[in-house]
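Here the structure is laid out as structure tokens; the discussion comes afterwards.
Everything quoted here is computed from the prediction, not taken from an experiment. Chain identifiers are assigned alphabetically (A, B, ...) following the order of the sequence lines, protein sequences preceding nucleic acid strands; residue numbering begins at 1 within each chain.
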Amino acid sequence: MRKNFTKKVHGYVKNIPAGEVRSYGEVAKACGSAGGARAVGFIMANNFNKEIPCHRVVRADGSLGQYNRGGPEAKQAKLEKEGIPFSTAGVIQISHG
DNA sequence: TAGCTGACGCAAA
DNA sequence: ATTTGCGCCAGCT
């Protein structure tokens, strides 16, 4: 049941503490699907729950990626408010929890 | 049921 | 170091 994957992703993302960021690949892997990075992104795009801090999920390169709430700019703004340091490329460092 | 798309990731040039 | 191409999984039409 693929839906299970989605539920796991939601739970994991909700488990991401403020001030920390996770890469799509990390989330996918933690949910049981290593190469399911794209799937995670798709889930986030279809996820509009404020309970799910999808803005804390960034690309493996540290780049922001996308955001269904106003684009990378809004995403970065939220992350900066969380206390996440940023660089010209994007996130300085991703916590691997 | 089959095919296409998508907020990614890695390898090669 | 930067750019381009292919592969990955899950969801939606």
Side-chain angles (χ1 to χ4, degrees):
Chain A
M1 180 181 256
R2 298 197 198 72
K3 297 286 284 187
N4 188 304
F5 177 75
T6 311
K7 299 195 70 169
K8 292 200 68 171
V9 173
H10 288 168
Y12 184 85
V13 175
K14 286 198 295 189
N15 273 307
I16 300 177
E20 299 285 315
V21 289
R22 232 23 73 119
S23 65
Y24 296 93
E26 283 290 312
V27 179
K29 189 174 185 295
C31 288
S33 297
R38 302 194 67 169
V40 175
F42 190 81
I43 292 163
M44 311 313 273
N46 281 277
N47 164 51
F48 280 77
N49 279 35
K50 63 176 178 60
E51 310 264 321
I52 302 176
C54 33
H55 64 265
R56 286 184 201 156
V57 186
V58 299
R59 288 186 62 160
D61 313 89
S63 171
L64 287 167
Q66 257 307 324
Y67 194 46
N68 62 0
R69 290 300 189 187
E73 298 185 13
K75 192 170 177 175
Q76 178 174 355
K78 288 172 97 51
L79 292 172
E80 286 190 302
K81 289 162 73 83
E82 294 278 338
I84 297 172
F86 263 83
S87 183
T88 33
V91 182
I92 300 289
Q93 179 74 322
I94 300 177
S95 305
H96 285 250

For the pair made of CZ in A/Phe42 and P in C/dC8, what is the distance, rounded to whole Å? 19 Å
Has the side chain of A/Arg38 got a donor or acceptor that lies under 3.5 Å from a partner of the other kind on the base of B/dG9? no
If the cut-off is 4.0 Å, is A/Ser33 near the phosphate of C/dC8, judged by side-chain N/O to OP1 or OP2? no
Provide, to the nearest angstrom, the distance between the NE2 atom belonging to A/His10 and the P atom belonging to C/dA10. 14 Å
For A/Ile16 and B/dA7, what is the distance between atoms CD1 and P respectively, to the nearest whole Å? 18 Å
What does A/Ala45 touch in the nucleic acid at a heavy-atom separation under 4.0 angstrom: a base, only the sugar-phosphate, or nothing? base
If you take any heavy atom closer than 4.0 Å to DNA chain B, which residues from residues 76-94 of chain A end up in contact? none
Taking A/Asn47 for the side chain and A/Asn49 for the main chain, is one N or O donor matched with an acceptor at less than 3.5 Å? yes
Classify the nucleic acid contact of A/Gly36 as base, sugar-phosphate or nothing, counting any heavy atom under 4.0 Å across all strands shown. sugar-phosphate
Does the pair A/Glu20/A/Arg56 count as a salt bridge with the N-to-O cut at 4.0 Å? no
Against the side chain of A/Ala60, the closest entry in B/dA7, B/dC10, B/dG6 is B/dC10
Rounded to whole Å, CD of A/Gln66 lies from C1' of B/dT5 at a distance of 15 Å
Between C1' on C/dA10 and OH on A/Tyr24, what's the gap in Å once rounded to a whole number? 15 Å
Measure CZ/A/Phe5 against P/B/dG6 and give the value in whole Å, please. 18 Å
Distance in angstrom units between A/Ile43 CD1 and B/dC8 P, rounded: 13 Å
With DNA chain C as reference, determine whether A/Asn46 or A/Ala34 sits nearer its 5' end, using the nearest nucleotide of each. A/Ala34
Counting just side-chain N and O atoms, does A/Arg59 come under 4.0 Å of either OP1 or OP2 of B/dG9? yes
Checking the side chain of A/Lys75 only, and the main-chain atoms of A/Gly65 only, is there a donor and an acceptor separated by less than 3.5 Å? no
Indicate yes or no for a side-chain donor-acceptor contact from A/Asn46 to the backbone of A/Phe42 under 3.5 Å, with no hydrogens or angles considered. yes
Ignoring hydrogens and angles, tell me if any N or O in the side chain of A/Ser23 forms a donor-acceptor pair with the backbone of A/Glu26 under 3.5 Å. yes
Reference residue A/Ile52; test side chain to side chain contact (heavy atoms under 4.5 Å, CB included); the match among A/Ile16, A/Val13, A/Ile43, A/Val57: A/Val13
Go through the N and O atoms of the side chain of A/Tyr67 and the base of B/dA7, and report whether any donor-acceptor pair is under 3.5 Å. no
Is there a side chain to side chain contact (heavy atoms under 4.5 Å, CB included) between A/Lys8 and A/Asn4 once you walk through the steps? CA-CA 6 Å; A/Lys8 292 200 68 171; A/Asn4 188 304; 3.3 Å; yes
Can you measure A/Asp61 atom CG to B/dA7 atom C1' for me and round it to whole angstrom units? 13 Å
